[in-house]
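Notes for the one structure printed next.
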2 protein chains.
Amino acid sequence: MDTRVLKQFVTLAECLHFGRASETSHVSPSALSRSIRRLETETGATLFERNNRSVELTRAGHLFLTYARDALGQWDSIQNLLMEESGELRGEISMYCSVTASYSFLFEILTRFRHDHPHVEIKLHTGDPEDAVARVLAGDEDISIGARPGRLHAGLAFKLIEFSPLVFIAAEGQPGPDARNWAETPMILSERGLARRRVDEWFRSLDVQPRIYAQVAGNEAIVSMVSLGFGVGVVPRIVLENSPLSDSVCILDVKPKLKDYEVGLFTLEKKLASPLISAFWQQLK
Amino acid sequence: MDTRVLKQFVTLAECLHFGRASETSHVSPSALSRSIRRLETETGATLFERNNRSVELTRAGHLFLTYARDALGQWDSIQNLLMEESGELRGEISMYCSVTASYSFLFEILTRFRHDHPHVEIKLHTGDPEDAVARVLAGDEDISIGARPGRLHAGLAFKLIEFSPLVFIAAEGQPGPDARNWAETPMILSERGLARRRVDEWFRSLDVQPRIYAQVAGNEAIVSMVSLGFGVGVVPRIVLENSPLSDSVCILDVKPKLKDYEVGLFTLEKKLASPLISAFWQQLK
DNA sequence: TGCATATATATCATTTTACGCAATATTTCC
DNA sequence: GGAAATATTGCGTAAAATGATATATATGCA
């Protein structure tokens, strides 16, 4: 069965933009354009009212969207049903995590999972772990790995893997923490996200205006810059433990300590109904 | 959307025979075999338990069959819904009738219908009109043309087009009916069907054992043989009216007359729910 | 047991279909 | 009025599906 066209249609109906929709669907814009056109000739209805500047669902398009969502849901259901029937899981899970995560615990998790369910394919995407929650919420990924934020978004499920202290690091051979003048220390920080918020708060509590040398995305980049002596950075300790540069930096004994990262898995609660996601989820712990 | 594979699956599930199923689906056996296999790898379940001698639905196959029927039904529904929405009919109707029917009233009917609904394709199959009812009942065709049988099968809808007398014909220049000795007249009759039953009954009422020269399928063949002087035949008059051989034969004034044929359209009552079939049906009258 | 038949599947050449890239046309914004 | 954005089309290529034929295997019958 060919569900791709239906998925493409739904994607386009949701973002109303051929370029973005084609990207999400992993096809070229021209291919998407032709798929939609084929669908339209096949149904005999115009599904999108579009000119070169805007895309809108027609009345018929709305009707078809309801159908498409339904049909895709039922296809999923029968897949799951047959899966249960055979007792063997099949399908695909998309994951998102940082490079560090993929090197450390993910490797072990995936090895075990692959052994138990050899027919489930894992599509792994790596990137800034600060996007972990957003990507799952947006539906871009089934599961992601990241740090638990203070408040969990409604409908979001979280499973703790381990605690990892958020530590200050400096290049090997820097002056000790007591001698440090924070207002003049060049800092290498995340552009955004949980780590950045915690550090900002930390400086506020000390009533110090930090001197920010660089704002970067991704913890690995922070370690690199710190090891080169550009300044002091803040990363989860687990990043250090998996970094080839860990010998070039040292952890500073800073007071007060930053709150530990709670590293774990995110997924949408509703996705736990899927046997695949559920199996992955259950296996942990 | 690709519904062909699902249709093929349902067909196979119903007849449990690759050869016949492939014929019904208008593909080669090898293509069907591969389609099913693809479906099986895709779902990860064995849908048919088969060796070179028998085909059976597995448990998973039954589940999938339910799904497939449902999915096809919903696809039909959305097609119909969009059709109503646009007010323009699209799709395909399969028809079955005799060559004579296609030459006579069908031409006019189709011309009109095609004008009103240019996007509806008519797949016309011709053959022995005695099969008209059976083919519709078997689901091979949406609509067929033939003579109304004495009792209408349950669920079968019939719409009268016109009455046509069932007449005895002989080659031009044969002796008149009064002089005829029925027991010795070579008869050219249908192998089976309504005409044959009526003729058999007619002979029985005369208490005569007919001398059957040939039994053929198709009224056109009867006219041919009669015109060549092989004997006396019985056909609906409409066949004569559309036959290039009509000048070579003459109608015998036989008593008692056979009951008129009620020529008309057949379809399944449930198919009248489809906008396409319904439109075709409504247009007549 | 062995041969003929039926029938699902594998092989291979061919046709059909889908795709991506680049070019095009059209709309909107400045 | 020009520039940027963006859906679409043409065209060459790659992939997929198909049909004809061959093959393997199971069944029935002598």
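Values below: every heavy atom of this structure, side chains too, minus hydrogens, waters and symmetry copies. Just so it is clear: chains get the letters A, B, ... in the order the sequence lines come, proteins before strands, and each one is counted from 1.
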Tell me the interatomic distance from B:F18, atom CZ, to C:dA10, atom P, rounded to whole angstroms.
11 Å
Identify whether the distance between the nearest side-chain nitrogen and carboxylate oxygen of B:R135 and B:D128 falls below 4.0 Å.
no
Atom CZ of A:R20 and atom C1' of D:dA7 are separated, to the nearest Å, by 13 Å
Nearest whole Å is fine: how far is C:dA8 P from B:R37 CZ?
12 Å
Can you check the B:L12 CG to C:dT9 P distance for me, whole Å?
9 Å
Taking atom P of D:dT6 as reference, at what distance in whole Å does atom CD1 of A:I36 sit?
17 Å
Going by atom types only, do A:S94 and A:E141 share a side-chain donor-acceptor pair under 3.5 Å?
yes
Tell me the interatomic distance from B:R50, atom CZ, to C:dA6, atom C1', rounded to whole angstroms.
17 Å
Donor-acceptor contact below 3.5 Å, side chain A:E130 vs main chain A:L194
yes
Tell me: CG of B:L16 to C1' of C:dA6, nearest whole Å?
16 Å
Under 3.5 Å donor-acceptor, B:T11 side chain and B:A21 backbone:
no
For B:F9, give me all partners under ring-ring contact (aromatic ring centres under 6.0 Å, His included), at least two apart in sequence or on another chain.
B:F48, B:F64
Between the main-chain N or O of A:I36 and the side-chain N or O of A:Q8, is there a donor-acceptor pair closer than 3.5 Å?
no
Base-contact (B) and sugar-phosphate-only (S) positions in nucleotides 17-30 of chain C, heavy-atom cut-off under 4.0 Å, - elsewhere
-SBBB---BBSS--
Kindly point out which of C:dT9, D:dT8, C:dT7 is positioned nearest to the side chain of B:H17?
C:dT7
Interatomic distance, A:F48 CZ vs D:dT8 C1' [rounded to whole Å]
15 Å
